[in-house]
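To keep things clear, I will list the structure first and then write my remarks on it.
Just the heavy atoms: all of them, side chains too, but no hydrogens, waters or symmetry mates, feed the values below. Below, read A as the first sequence line, B as the second, and so on, with proteins coming before strands; counting in each chain starts at 1.
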Number of protein chains: 2
Amino acid sequence: MPATLRDVAERAQVSMRTVSNVVSGYTHVSERMRTKVLAAIDELDYRPNPVARTLRTGRTGMLALVVPEIDVPYFSELARDVIDAAAEVGYRVMIDQTGHDHERERQLLTGEDRTMLFDGLLFSPLVTKSELLDMHGATRMPLILLGEHDFDGRYDHVAIDNVAAARDAVGHLIETGRTRIASIGSQPLEEYSTPLQRSAGYEAALADAGVDLRPEYVVTAAHYSRADGYSAGRALLALDPRPDAIFCFSDLLAFGAMRAVFDAGLRVPEDVAVIGIDDVDEGRYSRPSLSTISLDTQFIARESVRRIIDRIEDPALPATEIVAPHKLVVRESTAVE
Amino acid sequence: MPATLRDVAERAQVSMRTVSNVVSGYTHVSERMRTKVLAAIDELDYRPNPVARTLRTGRTGMLALVVPEIDVPYFSELARDVIDAAAEVGYRVMIDQTGHDHERERQLLTGEDRTMLFDGLLFSPLVTKSELLDMHGATRMPLILLGEHDFDGRYDHVAIDNVAAARDAVGHLIETGRTRIASIGSQPLEEYSTPLQRSAGYEAALADAGVDLRPEYVVTAAHYSRADGYSAGRALLALDPRPDAIFCFSDLLAFGAMRAVFDAGLRVPEDVAVIGIDDVDEGRYSRPSLSTISLDTQFIARESVRRIIDRIEDPALPATEIVAPHKLVVRESTAVE
DNA sequence: TTGTAGGCGTTATCAG
DNA sequence: CTGATAACGCCTACAA
């Protein structure tokens with residue numbers, strides 16, 4: 001049976017008030033009292049009960065980070081940075097993965113879950129915006145959207161300019177002389193906003209260069225996985241004329257696509273150039289190393305944690321949008337000659 | 001101001017007890033009462049306060065998973081499986097990364113942290129065993145050790161047989177005719193148990209085959225990262241005679257080492273064979289694909305969650321050890337001819 | 001500077 | 001089957 005504040009008070013012959021003062025940052029406690037209390041705490045091996053403290057103060061000191069899949073490198077690298085940024089300001093992070101399951105997203109958003117022991121929600125969503133608004137409406141849980149854009153200014157979000165990112169990637173392929181540019185990553189059924197935006201950027205870049213969009217060059221991917229990149233890549237290589245470049249909506253898709261190119265007996269970048277988005281560590285060591293659009297996960301993590309803490313402290317704050325920077329990183333997979 | 005149980009009771013003209021019964025799915029409630037209460041809940045948009053419930057019941061419904069680095073694929077794949085396994089039994093998972101920081105490990109273990117809002121700890125440790133015993137001693141927090149071995153039977157753990165895993169990997173290299181077998185991954189300073197065990201397996205396999213251990217073929221790595229694998233690989237390739245095989249203590253090290261081989265103008269597996277441990281997804285798509293020892297993260301996740309829940313329910317349970325299976329997966333990076 | 005008492009929102013005990 | 005009431009452990013006006 002763990003010791004409580006009352007036990008310590010009895011043991012030290014002082015009031016609970018004094019013990020509490022000592023425990024939670026000294027505010028005017030005499031030296032005699034303090035040592036007496038500390039001794040009692042030590043003897044009883046007392047630790048404050050965080051749940052009771054939470055009930056009283058209304059703060060759990062915990063944030064939730066919700067991502068589609070934690071084992072996708074982009075999200076695990078983001079999680080790493082979020083955990084670190086949160087730790088710096090005294091918060092811990094609960095992670096949940098929705099696994100492309102709308103129902104699980106909905107439960108978190110509506111607060112329907114029975115274990116919502118956190119002060120705020122960092123949400124990297126699949127759902128489209130209108131659905132989101134309806135779901136979250138009733139709750140008062142502070143919420144920051146990650147990686148999204150254009151939510152009518154009704155929510156805080158730390159966004160990526162997905163249209164520009166895709167445009168930069170495809171623009172690079174065009175600059176290096178490729179003209180038959182395929183893409184992998186648009187969504188088969190649902191209208192998720194990230195792939196929609198990246199599709200828009202792809203189309204815009206082609207239009208800018210006066211290159212026709214060939215519908216057969218646009219291959220969908222249900223998940224942003226290596227496996228889906230591989231099968232999409234195989235499909236593209238069977239086309240005639242064969243693409244001379246592939247823009248993948250994520251690095252993971254790109255790794256799969258590159259492997260498909262090799263298995264077809266072709267070379268990257270000589271026969272087919274490949275570029276991704278995310279800039280995960282893997283791409284620096286893959287063969288060939290992967291050209292990509294680098295998204296600044298540290299920036300996203302820091303800003304979103306900063307922002308949600310502001311909002312927890314003042315729920316009335318107006319919603320803001322912060323756009324994280326991105327930049328083109330040229331490596332071997334799009335080299336010329 | 002969110003509605004409370006009392007508000008609902010007043011609104012529905014019943015006692016708090018009845019409302020509580022309805023909310024927590026108690027069976028013996030008359031149909032009349034139930035509908036009346038549900039109506040009131042709906043009108044007031046009432047949601048139970050999880051913190052109050054937790055204070056009363058002593059359960060948070062949350063587990064903590066502590067790993068060195070969440071962005072290391074092995075750990076993020078493990079986290080994925082742990083989150084899923086926990087969700088199946090109604091638990092959520094808080095993730096913390098110690099980043100090779102002993103102090104952070106200690107805080108979690110001693111319960112010194114001020115936000116320990118979880119019912120049990122799944123711990124993938126860096127510390128050696130005696131340190132661990134001393135730290136955790138006082139706390140009553142249920143604890144399961146992951147991936148470790150040989151803790152005197154004083155703690156529950158879901159172990160990997162690291163000695164056998166390393167031995168199998170090196171044995172495979174020997175069977176395929178390699179004789180100058182280097183290793184990357186022993187630790188430079190501290191005596192962490194996982195690398196110690198893998199070193200032991202490496203040495204044992206060489207001894208089994210009557211192959212001499214050359215000290216210069218043993219290269220340390222501070223972290224199990226691609227970067228460290230790369231620099232270790234470079235160092236090995238400069239030796240004379242050059243190794244014809246490299247056993248890496250993790251897949252990540254292996255990816256770095258393979259890249260070093262290519263950058264030196266050599267080939268994998270023709271000039272140098274490479275094998276890792278972990279079997280992360282990346283190794284199925286890398287070029288060449290990576291031979292490795294597959295660790296069953298699903299098994300580890302399921303068993304550790306099952307075990308910690310048993311222990312939460314009955315803290316008096318005797319400690320048990322479960323050893324997760326592993327198996328050799330042969331791919332291109334160790335092929336012959 | 002320190003003590004007393006009330007309440008955070010829930011569940012559990014004990015009557016009825 | 002339902003109602004009143006006491007904890008759960010802590011923090012903080014308010015009082016001394």
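Side-chain to base pairing of Arg17(B) with dT5(D): no donor and acceptor N or O lie closer than 3.5 Å to each other. For a distance-only test at 3.5 Å, the side chain of Arg56(B) fails to qualify as a donor-acceptor partner of the base of dT10(C).
Counting any heavy atom pair closer than 4.0 Å across all strands shown, Met16(B) reaches a base atom. Residue-level contact check: Thr18(A) touches the backbone only, with heavy atoms under 4.0 Å from sugar-phosphate atoms and none from bases. If you check every strand for non-hydrogen atoms under 4.0 Å, Val14(B) touches sugar and phosphate atoms only.
Within the 3.5 Å criterion, the main-chain N or O of Ile70(A) finds a donor-acceptor partner in the side chain of Gln97(A). For the pair His157(B) (side chain) and Leu143(B) (backbone), a donor-acceptor distance under 3.5 Å is absent.
Nearest to the side-chain atoms of Leu55(A) among the listed nucleotides dG9(C), dT1(C), dT11(C) stands dG9(C). Closest to the side chain of Thr4(A), from the set dC11(D), dG9(D), dT2(C), is dG9(D).
Whole-Å rounding puts the Tyr46(A) OH to dG9(D) C1' distance at 8 Å. What separates CG of Asp7(A) from P of dA7(D) is a distance of 15 Å, to the nearest Å. As a whole-Å value, the separation of Arg47(A) CZ from dC10(D) P is 13 Å. As rounded to whole Å, 18 Å separates atom P of dG9(D) from atom CZ of Arg53(B). Rounded to whole angstrom, the span from the CG atom of Leu117(B) across to the C1' atom of dC10(D) amounts to 14 Å. When rounded to the nearest whole Å, the span between CG of Leu44(B) and P of dG9(C) equals 14 Å. If you measure from atom CE of Met33(A) to atom P of dT1(C), you get 12 Å, rounded to the nearest angstrom. Put simply, CD on Gln13(B) is 10 Å from P on dG3(D), counting in whole angstrom units.
The shortest distance between side-chain heavy atoms of Val8(A) and Val23(A) does not fall below 4.5 Å.
The phosphate of dA4(D) has neither OP1 nor OP2 within less than 4.0 Å of any side-chain N or O from Ser15(B). Proximity of Thr54(A) to the phosphate of dC10(D): no side-chain N or O atom is located under 4.0 Å from OP1 or OP2. Listed pair Thr57(B) / dT10(C) fails the phosphate criterion, with no side-chain N or O lying under 4.0 Å from OP1 or OP2.
Arg59(A) and Thr54(A) form no side-chain donor-acceptor contact under 3.5 Å, judged by distance and modelled atom types alone.
Between Arg6(B) and Leu5(A), the residue anchored closer to the 5' end of DNA chain D is Arg6(B), taking for each the nucleotide with the nearest heavy atom.
One finds a salt bridge joining Arg92(B) and Asp96(A) here, because a Lys/Arg side-chain nitrogen approaches an Asp/Glu carboxylate oxygen to under 4.0 Å.
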